[in-house]
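Shown next, in structure tokens, is the structure this report addresses.
Keep in mind that the numbers below use all heavy atoms, side chains included, and drop hydrogens, waters and symmetry copies. Order of the sequence lines fixes the chain letters, A, B, ..., with proteins taken first and strands second; residue numbering starts at 1 for each chain.
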Amino acid sequence: MKPSLPQGTRDFAPEIVYKRAYILNTIKSVFELYGFQPLETPAMENIDTLMGKYGEEGDKLIFKILNNGLDNTDKAEKTKSGFANILDGKTDKNITERALRYDLTIPFARFVAMNRGTLVFPFKRYQIQPVWRADRPQKGRYREFYQCDADVVGSDSLLYEVELAQIYATAFSKLKVPVEIHVNSRKLLTALAESCGAAEKLTSITIAIDKLDKIGLEKVKEELAGRGLDEKQIDIVEKYLSIEGSNTEKLNQLAELFAGNESAKKGLDEINFLLNHLTSNIGKSIVVDQTLARGLDYYTGIIFEVKAVGVQMGSIGGGGRYDNLTGLFGVSGVSGVGVSFGIDRIFDVIEELQLFPEEAANKCKIIFLNLGESEGEKAFELATSLREQGIAAEVYPDVTKFDKQFSYAKKKDFQYVVIIEQKELDSDTCNVKDLTNNEQQIVAMTDIVPFFQGKQDIS
RNA sequence: GAGUUUGUAGCUCAGCUGGUUAGAGCGUCGGAUUGUGGUUCCGAAGGUCGUGGGUUCGAAACCCAUCAGACUCCCCA
């Protein structure tokens, strides 16, 4: 059979794994620095946990897992009626009762709700795991991909918004990716809907504004009209969207536009609090962006979106404050705020900007050539003694032509080639060649371990 | 769910308006040379032209269907 991969999934070759690990470890270390702790949840959840949480479209994109034992004749009746439901577009527990995780947020909410008695609040967790969506893949979108989330639940404190902004700034600065952190408050959007006299159209307005980046102002206006806003209302939205200037200028104009509006005041207070608690170093990458909306409608306060500077790429991170996430699981009044890192896009950005460090690939740097039976034996012995001291080394497995072995060493990018021929055997030495500068050195076999231990670049 | 597009050797691709035994480069393997650098030379292996139908004297090429990938829309990360 022809080997192939399910649509929208990927293998990660060694070089890629190293690079991804570099990104993940960097972000992880920042999470830990702020006291976030790791959480892992199962790849699959009960289907009820997921269904109905992501909207009608979302339900369709959940990968359902077929129950085992559907061929059990004792259950034939149930199975058949179950299939009738499936054909009707419903789900049925007789056919499927589990599904692959669609994101990390709902499983987290489920976890918090289940363990509310024993968790210490505020609970700060980060989670880096794959999720699955039955979407049609396209550029930068896969059916299996990783999400990297950090959330804190059980506190209303705006200091957490500040922490999360710091986490974004610190992580991307460690990764050397220049970013803008766009910030807005959903309360300003509420204020906008209110001043249009269309509070009930908040979601419609939010969804339309969210597309501004992609489709432009005119199309947004068309969309708003399509969603039932009249000209006067659209004018207000347009006025709101066209506010420009520095952060302070924007905030002043917004205060003016929404003078007397309670929601707006709260929203502006949130943003000001955030700005006032950031060091100027971090503050300079913050962009107040009242056009930021975020598609998901569970956000209630500050929202974030991170954009790489100088790269044509959508957002590489996003998040915000949400109230009552666990309400879905019968636990209400738990406020949370979280951020997410778009690992795959971050990877692409770092690749494009060529910012991956050399050491991202933690390669074995020493190869012993195998130039004869007893020569090879000796080489293997010496390699073993290096390995015992924690120094990675490889031995060419077969006695073949020198050329072939050397070219293997070049292709796999070894730094040191250790050559042992009869001459070396006779004198209990080895010939160590450094391929970075082509210098050769005769090293006594008994000195091989200290020799490499003395090399800074060997871990 | 809808659309566009591609499918020929392990990889990247040629293959003209249908016309003998389907080619190249790279890679792989073998040999010679060099026997401390990717060289050079010689040679070899490797293809049901995605699959199934159809048109034709003749199909990798044209038509239909089907499968798979890539991309776009919807939606999202």
[N] pairs with which nucleotide, Watson-Crick or G-U wobble, both distances below 3.5 Å?
{"N": "B/rA32", "answer": "B/rU40"}
{"N": "B/rU66", "answer": "B/rG50"}
{"N": "B/rU72", "answer": "B/rA2"}
{"N": "B/rA14", "answer": "none"}
{"N": "B/rC57", "answer": "B/rG19"}

Using only side-chain N and O atoms of [X], determine if any of them is under 4.0 Å from OP1 or OP2 of [N].
{"X": "A/Lys404", "N": "B/rG35", "result": "no"}
{"X": "A/Lys139", "N": "B/rG69", "result": "no"}
{"X": "A/Gln138", "N": "B/rC71", "result": "no"}
{"X": "A/Lys411", "N": "B/rG27", "result": "no"}

For this session: For A/Asn431, report the nucleic acid contact type (base, sugar-phosphate, nothing); a contact means any heavy atom under 4.0 Å.
Result: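 The answer is base, as A/Asn431 lies within the cut-off (heavy atoms under 4.0 Å) of a base atom.
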For this session: Classify the nucleic acid contact of A/Gly317 as base, sugar-phosphate or nothing, counting any heavy atom under 4.0 Å across all strands shown.
Result: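 Since no nucleic acid heavy atom lies under 4.0 Å of A/Gly317, the category is nothing.
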Would a 4.5 Å heavy-atom cut-off, applied to side chains only, mark [X] and [Y] as touching?
{"X": "A/Val337", "Y": "A/Val152", "result": "yes"}
{"X": "A/Leu229", "Y": "A/Ile205", "result": "yes"}
{"X": "A/Pro130", "Y": "A/Tyr146", "result": "yes"}

Exercise. Looking only at atom P, what distance separates B/rC67 and B/rA60, rounded to whole Å?
Worked result: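 One P to the other, the span is 23 Å.
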Exercise. Do A/Phe145 and the base of B/rA77 stack face to face, with centres under 5.5 Å apart and an angle between planes under 30°?
Worked result: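 One would call A/Phe145 stacked on the B/rA77 base.
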In whole angstrom, give the distance that lies between atom [atom1] of [X] and atom [atom2] of [N].
{"X": "A/Asp135", "N": "B/rG69", "atom1": "CG", "atom2": "P", "answer": "14 Å"}
{"X": "A/Glu57", "N": "B/rG1", "atom1": "CD", "atom2": "P", "answer": "11 Å"}
{"X": "A/Arg10", "N": "B/rG69", "atom1": "CZ", "atom2": "C1'", "answer": "15 Å"}

Exercise. What about A/Arg136, does its side chain sit under 3.5 Å from the base of B/rC75 through a donor-acceptor pair?
Worked result: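 Such a pair does not exist between side chain and base.
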Problem set entry | Check: A/Asn67/A/Thr96 side-chain N/O donor and acceptor closer than 3.5 Å |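 No - no donor-acceptor pair under 3.5 Å links their side chains.
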For this session: Assert yes or no for the condition that the ring centre distance of A/Tyr408 to A/Tyr396 is strictly below 6.0 Å.
Result: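 Distance test on ring centres: under 6.0 Å, yes.
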